[in-house]
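Working notes, structure below.
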Amino acid sequence: MEDIKITHLKSNAQKLETWIALLNGDVIGHIYMEREDNKKIKFLDAWVHNDYRRMGVFRMLWETRWEYVKNNYKGWTAYAWCKPSSLPLLMEKDFISGETATYVEKII
C-alpha cells in the first residue's frame, strides 16, 4: 500500500480535523478528531472502503493522527468510543478501557 497518500484537513470554522487516505486520487478511507474544551480531544469514527479493509489502511490513518496529536497536543487528554475490533489498537497505545456500551434500537 505504498501508493496511499494521507492528507490532513483542519477546519478553521469548526474544531474538527480530518485525515483522508487517497489511492490514485480516490478516497479509500478517513479518520476524524474533534478538539473540545478543557484540553480534550475526542477521536471520532473512521471508515475504510470495503475493497481496502484488512490491508493496513485503518492503522495507517490512526498512526498518522496519533503522531500528529502527540506532536501538537502535549498535556491534552484524548478519548474515544470504539468497537471491539478497534480496542486492541487503543490498548496498545496505553489507553485505559472504561465501561462497555451496547447499541440498541427499536422501530416504534
Side-chain angles (χ1 to χ4, degrees):
M1 304 302 317
E2 298 164 6
D3 295 333
I4 294 176
K5 305 290 184 236
I6 306 294
T7 300
H8 178 215
L9 305 171
K10 188 173 182 178
S11 170
N12 289 323
Q14 300 172 339
K15 297 179 180 183
L16 191 66
E17 297 194 41
T18 307
W19 288 261
I20 298 172
L22 297 163
L23 180 62
N24 300 322
D26 294 325
V27 174
I28 62 166
H30 61 70
I31 198 165
Y32 300 104
M33 72 173 228
E34 182 178 13
R35 296 178 316 278
E36 296 182 346
D37 294 335
N38 301 321
K39 295 181 117 181
K40 290 186 105 176
I41 295 171
K42 182 177 184 180
F43 285 176
L44 300 170
D45 45 322
W47 165 83
V48 174
H49 188 284
N50 287 340
D51 293 346
Y52 298 97
R53 292 192 178 157
R54 300 277 183 225
M55 296 178 158
V57 176
F58 171 75
R59 182 171 281 272
M60 185 184 298
L61 285 162
W62 207 99
E63 293 288 355
T64 301
R65 178 183 63 185
W66 184 239
E67 285 304 311
Y68 175 80
V69 167
K70 289 191 319 183
N71 291 326
N72 293 282
Y73 292 97
K74 294 209 184 298
W76 288 52
T77 299
Y79 74 97
W81 296 93
C82 68
K83 295 179 181 176
S85 60
S86 300
L87 185 57
L89 176 58
L90 288 137
M91 301 304 286
E92 175 186 310
K93 302 298 181 190
D94 296 325
F95 278 70
I96 298 167
S97 180
E99 296 180 39
T100 301
T102 302
Y103 172 80
V104 295
E105 74 176 13
K106 177 178 176 64
I107 297 173
I108 306 296

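Keep in mind it's a predicted model, so treat the numbers as computed, not measured. Atom set for the values below is all heavy atoms of this structure, side chains included, hydrogens, waters and symmetry mates excluded.
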| task | Identify, with sequence neighbours excluded, every residue that meets side chain to side chain donor-acceptor pair (under 3.5 Å) alongside Asn50. | result | Arg53

| said: Parallel, tilted or perpendicular, judged at 30° and 60°: which one describes the rings of Phe95 and Trp66? | reply: tilted

| field | Residue pairs, two or more places apart or on separate chains, that pass side-chain hydrogen bond (donor to acceptor under 3.5 Å, both in side chains) and touch residues 74-84 | value | Glu36-Tyr79

| Are Leu23 and Ile6 in one and the same hydrophobic cluster, where Ile, Leu, Val, Met, Phe, Trp and Tyr link if side-chain heavy atoms are under 4.5 Å apart? | yes

| Does Ile20 share a hydrophobic cluster with Val69, counting links as ILVMFWY side-chain heavy atoms below 4.5 Å and allowing steps through other members? | no

| field | Any residue meeting side chain to side chain donor-acceptor pair (under 3.5 Å) with Asp37, in chain and number order, not counting sequence neighbours | value | Lys15

Residues 54-63 side chain polar contacts: donor-acceptor under 3.5 Å, at least two apart:
unit_1	atom_1	unit_2	atom_2	d
Arg59	NH1	Glu63	OE2	3.1
Arg59	NH1	Glu92	OE2	3.1
Arg59	NH2	Glu92	OE1	3.1
Glu63	OE1	Lys93	NZ	3.1
Glu63	OE2	Lys93	NZ	3.0

| Looking at residues at least two apart in the chain, or sitting in another chain, which of them share a side chain to side chain donor-acceptor pair (under 3.5 Å) with Gln14? | none

| task | Is it possible for you to say whether Leu9 and Leu22 belong to one hydrophobic cluster, with membership spreading through side-chain heavy-atom contacts below 4.5 Å? | result | yes

| remark: The side chain to side chain donor-acceptor pair (under 3.5 Å) partners of His49 (sequence neighbours excluded) come to none

| Contacts of Asp94 that satisfy salt bridge (charged side-chain N to carboxylate O under 4.0 Å, His left out) - sequence neighbours left out | none

| field | Pair listing, salt bridge (Lys or Arg N to Asp or Glu O under 4.0 Å) test, anchored in residues 23-35, at least two apart | value | Glu17-Arg35

| note | Output for pair (Ile4 CD1, Asn24 CG), nearest 0.5 Å, gives 9.5 Å

Per-pair distances, 0.1 Å, donor-acceptor, side chain in residues 38-48, under 3.5 Å, sequence neighbours excluded:
none

| field | Shared hydrophobic cluster for Tyr52 and Ile31 (ILVMFWY, side-chain gaps under 4.5 Å) | value | yes

| Residues in salt bridge (charged side-chain N to carboxylate O under 4.0 Å, His left out) with Lys10, at least two apart? | none

